[in-house]
Amino acid sequence: MKRDYAKREKKEYNIWRAVFQWLTIKVAYGFWYRFFCGLKIYGRENVPKDRFVIVASNHISAIDPFLVIDAVNHRTAYMAKQELFEKPFKRIFMDWLGAFAVNRQKLSVSTIKTALTIKDTGWFLGLFPQGTRVRDDDTSNIAMGFVKIAKILKCDILPVGIIGTQKENRRKFGHKMEIRIGEPIPFNEDTDKMAQIWVEKIKELTKNG
């Protein structure tokens with residue numbers, strides 16, 4: 001029977017996945033891009049240490065989730081497009097990182113249930129409101145699913161701005177790569193307002209990048 005990777009149980013977010021994520025993020029990605037590519041991280045003091053948040057950033061390259069997790073320095077379960085779970089190696093890799101599959105076209109019941117599960121695990125929830133990769137400063141085509149989830153979970157949103165992580169920029173000591181973490185956006189019943197604040201924060205965080 002084919003597994004549904006849109007559904008995750010609390011017991012899956014165990015010490016083994018936490019260790020796997022830490023080794024992958026800190027050793028394979030964080031160290032490499034910070035040491036060899038000059039990745040700079042700003043605003044780590046804005047990451048809450050006492051509560052769950054949704055980590056929401058702009059999205060410009062395939063390595064963004066790994067670098068954002070390294071930047072916030074906290075276990076984070078990412079929502080990933082379901083196509084990433086179609087090939088065996090990627091499926092196993094994404095599974096062990098704690099990611100779960102989502103349909104980018106709609107907010108499903110499975111997505112909401114898994115988000116609620118993650119809230120009770122001590123992990124953060126990571127996602128990209130734009131769904132797909134865009135230019136550094138492009139804040140158009142925002143899907144409202146992320147603020148709807150925040151409303152259901154009654155949680156803050158942590159805005160993260162990503163600059164310069166595109167493939168052509170990943171030269172050793174050759175480009176300005178930055179992750180900028182903003183102050184959390186307080187939970188608000190008005191989802192339109194939360195979404196607008198996120199857009200404004202991302203514009204500010206990626207300015208002059």
Side-chain angles (χ1 to χ4, degrees), residues 13 15-81 84 89-90 92-99 118 121-139 146 156-185 198 201-209:
Y13 292 95
I15 185 63
W16 304 113
R17 277 189 174 79
V19 169
F20 181 82
Q21 185 177 96
W22 185 88
L23 289 173
T24 301
I25 299 304
K26 293 297 181 181
V27 179
Y29 284 89
F31 175 78
W32 176 268
Y33 286 102
R34 277 188 273 111
F35 186 79
F36 291 106
C37 299
L39 172 66
K40 303 295 183 184
I41 298 171
Y42 301 98
R44 205 172 247 173
E45 67 277 5
N46 292 322
V47 180
K49 296 179 174 60
D50 59 350
R51 66 187 187 278
F52 169 86
V53 292
I54 291 176
V55 181
S57 66
N58 59 316
H59 189 21
I60 58 178
S61 82
I63 63 172
D64 291 344
F66 310 105
L67 301 187
V68 170
I69 296 174
D70 179 45
V72 300
N73 200 32
H74 190 95
R75 301 182 305 278
T76 304
Y78 257 91
M79 295 171 56
K81 60 183 180 181
L84 291 175
F89 176 77
K90 285 186 177 181
I92 294 172
F93 184 62
M94 298 300 289
D95 176 23
W96 271 92
L97 280 176
I118 291 168
T121 64
W123 291 50
F124 288 165
L125 172 63
L127 51 76
F128 299 111
Q130 291 158 300
T132 189
R133 282 170 259 175
V134 296
R135 300 190 316 271
D136 292 42
D137 58 352
D138 186 354
T139 53
F146 80 112
D156 297 348
I157 295 174
L158 185 68
V160 179
I162 302 172
I163 299 170
T165 61
Q166 297 94 330
K167 189 173 183 179
E168 62 270 21
N169 295 333
R170 298 175 209 164
R171 302 184 301 274
K172 289 184 179 180
F173 312 108
H175 192 77
K176 182 179 181 181
M177 299 173 66
E178 295 183 6
I179 304 293
R180 301 174 180 175
I181 305 169
E183 295 181 358
I185 301 169
W198 180 83
K201 290 269 190 179
I202 294 301
K203 285 182 177 179
E204 180 182 337
L205 290 167
T206 57
K207 186 177 181 181
N208 301 321

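Rounded to the nearest 0.5 Å, atoms OH (Y13) and OG1 (T121) are 7.0 Å apart. Interatomic distance, CD1 of I60 versus CD of Q166, reported as 4.0 Å (0.5 Å rounding). We find the OG-CG distance between S57 and L67 to be 10.0 Å, quoted to the nearest 0.5 Å. Rounding to the nearest 0.5 angstrom, the gap separating the CD1 atom in I41 from the CZ atom in R34 is 5.5 Å. Note that the CD1 atom of I163 and the NZ atom of K207 stand 12.0 Å from one another [nearest 0.5 Å]. One finds the NE2 atom of H74 at 9.0 Å from the CZ atom of F52 (value rounded to the nearest 0.5 Å).
N73 and R44 get closest at one heavy-atom pair: CB-NE, 3.9 Å. Looking at every heavy atom in both residues, I69 comes nearest to I25 through CG2-CG1, 3.9 Å. Nearest heavy-atom pair across F146 and I54 is O-CD1, 4.0 Å. Taking both residues in full, the closest heavy atoms of L158 and P184 are given as CD1-CG, 3.9 Å, listed atom of the first, atom of the second, then distance. Across I63 and M177, no two heavy atoms sit closer than the pair CD1-CE, 4.3 Å. Smallest separation of non-hydrogen atoms from A62 and P65: O-CD, 3.4 Å.
Applying the side chain to side chain contact (heavy atoms under 4.5 Å, CB included) criterion to L97, with sequence neighbours excluded, gives F20, Q21, T24, F66, F93. Residues passing the salt bridge (Lys or Arg N to Asp or Glu O under 4.0 Å) test with K26 are D70, sequence neighbours excluded. Applying the side chain to side chain donor-acceptor pair (under 3.5 Å) test to D156 and every residue at least two apart in sequence or in another chain returns R51. A search for side chain to side chain contact (heavy atoms under 4.5 Å, CB included) contacts involving P159 returns I185, W198, K201, I202, L205, not counting sequence neighbours. Residues passing the side chain to side chain contact (heavy atoms under 4.5 Å, CB included) test with A18 are R75, W123, sequence neighbours excluded. Applying the side chain to side chain contact (heavy atoms under 4.5 Å, CB included) rule to F31 yields the partners F35, F36; only residues at least two apart in sequence or on another chain are considered.
Proximity of I179 to V160: side-chain heavy atoms (C-beta onward) are separated by under 4.5 Å at one or more points. The closest side-chain heavy-atom distance from R180 to I162 is not below 4.5 Å.
In terms of modelled atom types and a separation under 3.5 Å, the side chain of T76 and the main chain of F124 share no donor-acceptor contact.
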Yes or no on side-chain contact (heavy atoms from CB on, under 4.5 Å) for L127 and V55, after CA distance, side-chain angles and deciding distance?
-> CA-CA 6 Å; L127 51 76; V55 181; over 6 Å; no

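For F128 and Y78, the ring centers sit closer than 6.0 Å to each other.
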